[in-house]
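The structure appears below as C-alpha cells.
Just so you know, these numbers use all the heavy atoms, side chains as well, and skip hydrogens, waters and symmetry mates. Residue numbers begin at 1 in each chain, while the letters A, B, ... track the order of the sequences.
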Amino acid sequence: MKNLPLMIGITLRIGVLIAFCIVFMGGIIYLYQHGTDVVVLHTFQNNNQYNTIPAILTAFLQYSPMGWIQCGTLILVLTQWVRVILTAWLFYQNKETILFILSLFIGIALIYSLLYIPL
Amino acid sequence: MTIIYFTLFIFIISFFAGLVGAITGLGGGIVLIPALVLLFHVDIHYAMGASLISVMATSSGAAIYYLKCGYTNIRIGMFLETGAVIGAMAGAILVSMLSTSFIAILFGAVLFISAYLTSRRKEDIELYKTSHPWAIYLKLDSQYHGDMRENKYRVQHAPWALLIMTISGALSGLLGIGSGALKVLAMDQVMKIPYKVSAATSNFIIGITAAVSAGVYLANGYINPPVIFPVLIGVMLGATGGAFILEKAHSRYLRMFFSLAIFIIGMEILYKGLTGKL
C-alpha cells in the first residue's frame, strides 16, 4: 500500500460526503414533518432518546429523520476512527512500533468514547 | 420561533462560521457557539455538541488538500494526538459536572487568547541543527516542499508540546471547539516547526480530538439533531466556499478583523457568564 496518506484523505472525503448526504436527507424530512413546530432548545433537557448507538441504528432503519441525522454524526466519528486505524496500519508496515502503539491507543480511546455511559 | 425559520437562520450563521473558519484557520467553534447562544438562545450544551460535530467535518474535508501538498506530518500528528486524546476524554467527561456560568467564563478566556494568537504576526522559524531526542527516536524531523526547494526542519521540545496538546485536547472536550489555535501554537512556537506544517498537521488531528469528545457528548445528550442539521450543512458549505476565497483574499487583514470580532464576542460571553445571564 504505497500511497496510504492519500488513501486516508480519500476515505475522509468519502465519509464526510456520506455523512453530509444522510444528515441532509434526514434534515429535509424533519423540516417537512416539524417545520411549523415551535423551537424548544433554550434549556438543556436530557430527554434525547437518540444518544446510544443501538437507539440510533434502530431509528435509522425505521427511517426516522432524527435517527438519520444522528447516524450522520456517527459516520463522521467512524470516519475519524478509520483514519486512526489506517495510520496505525501505516506505522505497523514501517515497523515503527511506538507510533503504532500510540495510534492503537488512540483507536481504543475512540471506541471507549463511543461506548461511554454517563456515571 | 418556528423550526423552519430557526433552521434557516442557524444555517446562515453556520455558513458564515464555516466561511470565516476556513479563511482564517481559526475553527468555526469559536464563532459558532457564541452566535448560537447569544443570538438564538440555544442552550450552550447543544451548541457545543453541534460545534464539535462540525469540527470533525471541516477537519476531514480539508485534510486531503494538506495531505496532497505534503505539509502534513503524520508522525508528529499522532505523537501529539496521544496527549490531546487524554485531555479531550477528561474534558468531555468533566463538562457534565460544570455549571454553565463556568463554561461561559472559560469560553470567554479562550476567546481572548485565540484573538491574541490569531492577530500575532507569524515569525520566521530559526533553523535548528539538532533535534530533541524524542524527535530523533520517533523520526519526527522531516521536510516540506516550498519556494522551489525542500525545506528541512528539526523538532524541538517534544515533551512540552505534548503537554500543551493535552491542554488543547482538554479545552476541546470542555468547550466543544477544535482548539486549533493552541495546537498550532504547540507545533509552531514550541516544536519550532514551519507554520504550513503546523497548520496542516493540526488540521489532520483536530478531527480525531473532536471525535473522542463526541462519544461522551453523545452519551450525555448534547448532540441534538435539530441543531446538528443546520449547523453541519451550513458549516460544511461555508468551509468549501471559504477554501475558494482563501486563494484570493488578503487573509492578513481578515485575520486582524476577525481577532477584533472574537475579542468583542469574548467580552460579551464573559459578561453573560459572570452575571449569570446564560
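Only the side chain of A/F105 comes within contact range of chain B, with at least one heavy atom under 4.5 Å from a heavy atom of that chain. With a 4.5 Å cut-off on non-hydrogen atoms, B/V212 touches chain A through its backbone and its side chain both. Using a 4.5 Å cut-off between heavy atoms, B/S96 does not touch chain A at all. With a threshold of 4.5 angstrom between heavy atoms, B/M78 approaches chain A through its backbone and through its side chain. The part of B/M236 that comes within reach of chain A is its side chain, from C-beta onward, which places non-hydrogen atoms under 4.5 angstrom from that chain. In this structure, chain B has heavy atoms under 4.5 Å from both the backbone and the side chain of A/I10. Using a 4.5 Å cut-off between heavy atoms, A/Y30 touches chain B through its side chain atoms alone. Interface remark: A/T87 contributes side-chain atoms only to the contact with chain B (heavy atom separation under 4.5 Å). Proximity to chain A involves both the backbone and the side chain of B/H41, based on heavy atoms less than 4.5 angstrom apart.
The distance from atom OG1 of A/T73 to atom CG of B/L52, rounded to the nearest 0.5 Å, is 10.5 Å. Interatomic distance, A/Q70 CD to B/N224 CG, rounded to the nearest 0.5 Å: 7.0 Å. Between the CD1 atom of A/I56 and the CG atom of B/L218 there is a distance of 4.5 Å, given to the nearest 0.5 Å. A distance of 13.0 Å separates CG of A/D37 from CZ of B/F6, quoted to the nearest 0.5 Å. To the nearest 0.5 Å, the span separating CD1 on B/I74 from CZ on A/F91 amounts to 6.5 Å. Separation of atoms CG (A/L31) and OG1 (B/T7) is listed at 4.5 Å; rounding is to 0.5 Å.
No other option in A/I106, A/L114, A/L74 has as many heavy-atom pairs under 4.5 Å with chain B as A/I106. Residue with the most contacts toward chain B among A/I8, A/V16, A/T11: A/V16 (heavy-atom pairs, distance under 4.5 Å). Among the candidates A/A88, A/A109, A/G27, A/G67, the residue making the largest number of heavy-atom pairs closer than 4.5 Å to chain B is A/G27. Chain A forms the most heavy-atom pairs under 4.5 Å with one residue out of B/V216, B/I53, B/V85, B/I205, and that residue is B/V216. For the options A/W81, A/Y112, A/F20, heavy-atom pairs under 4.5 Å to chain B are most numerous at A/F20. Contact count versus chain B (heavy atoms, under 4.5 Å) is highest, among A/V38, A/L78, A/I111, A/T79, for A/V38. Between chain A and the residues B/S60, B/A57, B/S213, B/G215, the most heavy-atom pairs under 4.5 angstrom are made by B/S60. In terms of non-hydrogen atom pairs under 4.5 Å with chain A, the most contact-rich of B/P230, B/A211, B/A92, B/A88 is B/A211. Most heavy-atom pairs under 4.5 Å with chain B: of the set A/L17, A/T43, A/L6, A/V40, this distinction falls to A/T43.
Under a cut-off of 6.0 angstrom, the local environment of CZ in A/F44 is crowded, with over 12 non-hydrogen atoms contributed by other residues, nucleotides or ligands. In this structure, B/F40 places its CZ atom where more than 12 heavy-atom neighbours from other residues, nucleotides or ligands lie under 6.0 Å away.
When atom types are taken as modelled, the side chain of B/E81 and the backbone of A/V84 share no donor-acceptor pair closer than 3.5 angstrom.
Shortest non-hydrogen contact noted between A/V23 and B/I233 is CG1-CD1, 4.2 Å. The two residues A/E96 and B/L138 make their nearest non-hydrogen contact at OE1-O, 4.1 Å. Nearest heavy-atom pair, B/A214 versus A/S113, reported as atom, atom and distance to 0.1 Å: C-OG, 4.5 Å.
A/R83 forms a cation-pi arrangement with B/F204, by the criterion of a distance under 6.0 Å to the ring centre and an angle within 45° of the ring axis.
Side-chain atoms of B/N220 and A/N51, non-hydrogen and from C-beta on, never get closer than 4.5 Å to each other.
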